[in-house]
Amino acid sequence: MGQYAAMAQDSSKGSSTTVRGACHHDCPDTCVWDTTVEDGRILSLRGASDHPTTAGELCPKVNRLVDRVYDPARLLRPLRRVGPKGSADFVPISWEEAIAETSQRLTRIIEGPGPEAILPYSFAGTQGAIQMGVMASRFFATVGSSQIHRHICGVTAWLGAADVLGTPYGIDPEDLRHSRTIILWGTNTRLTNRHLWPVITEAREAGATIVVVDPVATATARAPEVDRFVQIRPGTDVALVMAMIQVLDRESLTDGEWLSAHTTGWEELRSSAGEMPPERAEMITGVPADTIEWLARTFATRRPAAIRTLIGAEHHLHGRELLRAVTMLPAVTGAWRDRGGGLARSTSVYFDEALNHDPPVEAPRVFNMASLGRVLCDENLAPPISALIVHNSNPAVTCPDQNAVIAGLTREDLFTVVIEQFMTDTARYADIVLPATTQLEHLDLVPAWGHMYLALNRPAVEPLGESLPNTEIFRRLASAMGFTDPALAESDEELVRGLLNSRHRILEGITWERLSDNGWARLNTDGPPPERPAMRLSALQYAGEATGPDRAVDSDPTSPLRLLSPKTHVRFLNAQYGGSKAHLPERSDPGVRLNPRDAADRGIVGGESVEVFNDRGVLTLTAELSADVLPGVVIVPFGWWNSHTPQQRSVNALTNPEAPGGLGSAAFFDTWVGVRRATSRPNPHL
Ligand SMILES: Nc1nc2c(c(=O)[nH]1)N[C@H]1C(S)=C(S)[C@@H](COP(=O)(O)OP(=O)(O)OC[C@H]3O[C@@H](n4cnc5c(=O)[nH]c(N)nc54)[C@H](O)[C@@H]3O)O[C@H]1N2
Ligand SMILES: Nc1nc2c(c(=O)[nH]1)N[C@H]1C(S)=C(S)[C@@H](COP(=O)(O)OP(=O)(O)OC[C@H]3O[C@@H](n4cnc5c(=O)[nH]c(N)nc54)[C@H](O)[C@@H]3O)O[C@H]1N2
Ligand code: SF4
Ligand SMILES: [Mo]
């Protein structure tokens, strides 16, 4: 048994063994699983029945993970580019050659234009703590490279909640079982957070009122357990919250005692809400005034009352204000008093606090990751980017303003290294591709953002082929570049033990030994949160519909439509599986969903080919008419790889990369497009 699968085995039955691990996906559920292994090969993978949220069940994305590990399309050897960029024309090389070439190229850049010409780019392809970051961060800190803000997901929501709460601790999502009103606010729980659904159902069975606030009639909005679906115009939630607060104030449903003991700024908030009577909010949001009144009264009186939100609603220019509004509402009614009352958001903040992360390092330059296209194409940067090192991410699909990203990746003078499991749309543009292990082949410590359980993922089998964990790849690069800091040579077990060594009270008693034994442990979060300063309330302002350069869609004779591109596919996790035959539907086209009225205005019938376009790009897609979307709104699903349109592009060819102030996620959903009957050749994939 080799170095990565050592200490992997939990229990033996005959010749097969069971190995406990945890899901790596950027999914709030962080399920724990048991792998059955025989003769060094994985036979099956099952959800752990003793893990409180997994409860014995994984999901349609991961049920076929074993096939994915053994997929013949897995990258199992280092590769060097021989064809043009983007052609995916590579030849295999040895690890020695790959590491030598990469380290020499990087060293030449450090000695030439300087280390800030090197840009690492990564996200949460695995959200296991050590494979996601620790060793890579140490490596790039030693290089002194430029850095990215890893802000594409969740940081806008974090900022909005932090504006009100300080450190934005929310309530334990499992406490929603005690709630009697639950507002699922801009979150598609049944699709994106499915292991929370039993908690929602349990609350409903005990008499809770379940409300969904979303512009789209999602699978969640249509669930039989949902009592009321509030279909709101995108980006207008601030007006809805202001009107709700006006109703609460008018009807003396605010909690004065709570407000004076735990908040500041109530008078400013109250007077700003005075400018938004429900009738005005109805004009802005499209939500009837009497529904707004009902929602305010229900939230104040059917208690405990909680709001559940995650990430999707943040993808707006005013996303921070939207999240700030939603965070203030439970303070106004004193909802936090009750167990099961308050705001249930990402729990990542508890894990960030608990684990012993390296202190942050000052980088010479930091770019928002959503601006990758602009950064790669900017010749006036001093110095311009000469090398891009990607791991755990597929920016050619997931980053906004895709045509700019691909123009950057096509630059002949850019040295690109992609560490990947599959030949993604990004890897196709690499000079060097380095094969990465999957979660079943490497060790990791897996925090969660949808619950309070920390998990240890033990490798079930040895790395396939020549693939290596991200940690080992950065150890080898560090050594080849002559870096001698012992922190760059720590083993995976040392890295995990280091993270656990925080002495924080919410991690007390959670040791390597305990996790090795059981696979998971609940953080000690049952007491009050580590820090809850007075909640900072202040005036809200509805800033009007966001505008952007792409609003001028001149060639559409009718008014432009707003494009949303949320997650929609039960077998995709972001862009993972978007290139996998087994996970794709038969009709291999993401499609565009539009309201029958907008289709009629444009002479479009369902099933025909249309072009969706703006000044960033164009996609030819099949029109799907659906009253699930409001007039004026269209959806092109996110996650499909670029080969599914004749343009070889996906929805991010159209999306807005703006991140206000360079902070937080991009305004993916503040994108305007025209839609017209297709004039170009039909999609060859249909
Ligand atoms: N239009 C639009 N765009 C969006 C979004 C949207 O809703 N709409 N959502 C945004 C959000 S919320 C997110 S989180 C981002 C996600 O953006 P990404 O993080 O880029 O998306 P993933 O598809 O999860 O890609 C991760 C890649 O990591 C690889 N990977 C997985 N495990 C490992 C590993 O152990 N080692 C290595 N080296 N690689 C690994 C996978 O093969 C995969 O190709 O997309 C954003 N983009
Ligand atoms: N099956 C599956 N599960 C996933 C993922 C996946 O790709 N597939 N991705 C994972 C990741 S990385 C993330 S970040 C989470 C995201 O989890 P969620 O935040 O639950 O999901 P999203 O689809 O990003 O967005 C949620 C909802 O926000 C709505 N929305 C958009 N604009 C507005 C607005 O202005 N106001 C309101 N009220 N609602 C709005 C969208 O219509 C959408 O239904 O899901 C995770 N889970
Ligand atoms: S993707 Fe999410 S729901 Fe599926 S197994 Fe992983 S953590 Fe669980
Ligand atoms: Mo995300």
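Residue numbers count from 1 along this sequence. Atoms within a ligand are numbered from 1 in the order they appear, just like the ligands themselves. All values below come from the heavy atoms of this structure, side chains included, with hydrogens, waters and symmetry mates left out. Just so it is clear, the structure is predicted and the values come from calculations on it, not from any experiment.
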As an exercise, identify every atom of ligand 1 less than 4.0 angstrom from a heavy atom of [X].
| X | answer |
| --- | --- |
| Ile419 | 37 (C), 38 (N), 39 (N) |
| Ala124 | 19 (O) |
| Thr424 | 44 (O) |
| Asp26 | 14 (S) |
| Lys567 | 5 (C), 6 (C), 7 (O), 9 (N), 11 (C), 12 (S) |
| Asn394 | 20 (O), 25 (O), 44 (O) |

Give the numbers and elements of all ligand 2 atoms closer than 4.0 Å to a heavy atom of [X].
| X | value |
| --- | --- |
| Leu310 | 19 (O) |
| Phe572 | 1 (N), 2 (C), 6 (C), 7 (O), 8 (N) |
| Thr218 | 44 (O) |
| His569 | 1 (N) |
| Cys153 | 14 (S) |
| Phe669 | 31 (C), 32 (N) |
| Ile311 | 14 (S), 19 (O) |
| Pro566 | 23 (O) |

Below 4.0 Å from any atom of ligand 1, is there a heavy atom belonging to [X]?
| X | value |
| --- | --- |
| Thr426 | no |
| His442 | yes |
| Gln576 | yes |

Item to check | Asn188 and Thr220: side chain donor to acceptor below 3.5 Å | outcome: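 Yes, a side-chain donor-acceptor pair sits under 3.5 Å.
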Checklist entry - How are the rings of Tyr577 and His583 set to each other: parallel, tilted or perpendicular (split at 30° and 60°)? => result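 Parallel.
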Checklist entry - Which word best sums up how the rings of Trp640 and His644 line up, parallel for under 30°, tilted for 30 to 60°, or perpendicular for over 60°? => result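 Aromatic pair Trp640/His644 classed perpendicular.
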Checklist entry - What protein N/O/S atoms are found closer than 2.8 Å to atom 8 (Fe) of ligand 3? => result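 Hits for atom 8 (Fe) of ligand 3 below 2.8 Å: Cys31 SG.
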Less than 4.0 angstrom from a charged side-chain N to a carboxylate O is my criterion; do [X] and [Y] meet it?
| X | Y | answer |
| --- | --- | --- |
| Arg374 | Asp401 | no |
| Arg458 | Asp444 | no |
| Asp425 | Arg649 | no |

Item to check | Distance from atom 7 (O) of ligand 2 to nearest protein heavy atom, with residue and atom | outcome: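 Here the closest protein heavy atom is Asn574 N, 2.6 Å.
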Checklist entry - Under 6.0 Å from the six-membered ring centre of Trp95 and within 45° of its axis: does the NZ or CZ of Arg476 meet both? => result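 Relative to the ring axis of Trp95, which defines the angle, Arg476 lies inside both limits.
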Next on the checklist: Is there a polar contact between ligand 2 and Pro28, counting only N or O atoms under 3.5 Å apart?
Outcome noted: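 Min N/O separation from ligand 2 is not below 3.5 Å for Pro28.
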Next on the checklist: Once side-chain hydrogen bond (donor to acceptor under 3.5 Å, both in side chains) is applied, what residue pairs with a partner in residues 320-330 remain, sequence neighbours excluded?
Outcome noted: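 For residues 320-330, and leaving out neighbouring residues, the side-chain hydrogen bond (donor to acceptor under 3.5 Å, both in side chains) pairs sorted by first residue read Asp163-Arg320, Glu321-Arg324, Arg324-Ser538.
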Checklist entry - side chain to side chain contact (heavy atoms under 4.5 Å, CB included) with Ile232: which of Val216, Val212, Ile284, Leu240? => result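 Testing each of Val216, Val212, Ile284, Leu240 against Ile232, the sole residue satisfying side chain to side chain contact (heavy atoms under 4.5 Å, CB included) is Leu240.
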Item to check | Sole residue of Cys31, Cys27, Pro28 in side chain to side chain contact (heavy atoms under 4.5 Å, CB included) with His195 | outcome: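 Of Cys31, Cys27, Pro28, side chain to side chain contact (heavy atoms under 4.5 Å, CB included) with His195 is met by Cys31 alone.
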Next on the checklist: Heavy atoms only, cut-off 4.0 Å: how does Lys61 contact ligand 2, side chain, backbone, both, or neither?
Outcome noted: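 The side chain, only.
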Item to check | Heavy-atom proximity to atom 41 (C) of ligand 1, best of Glu441, His391, Glu420 | outcome: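 Looking at heavy atoms only, the winner is Glu420.
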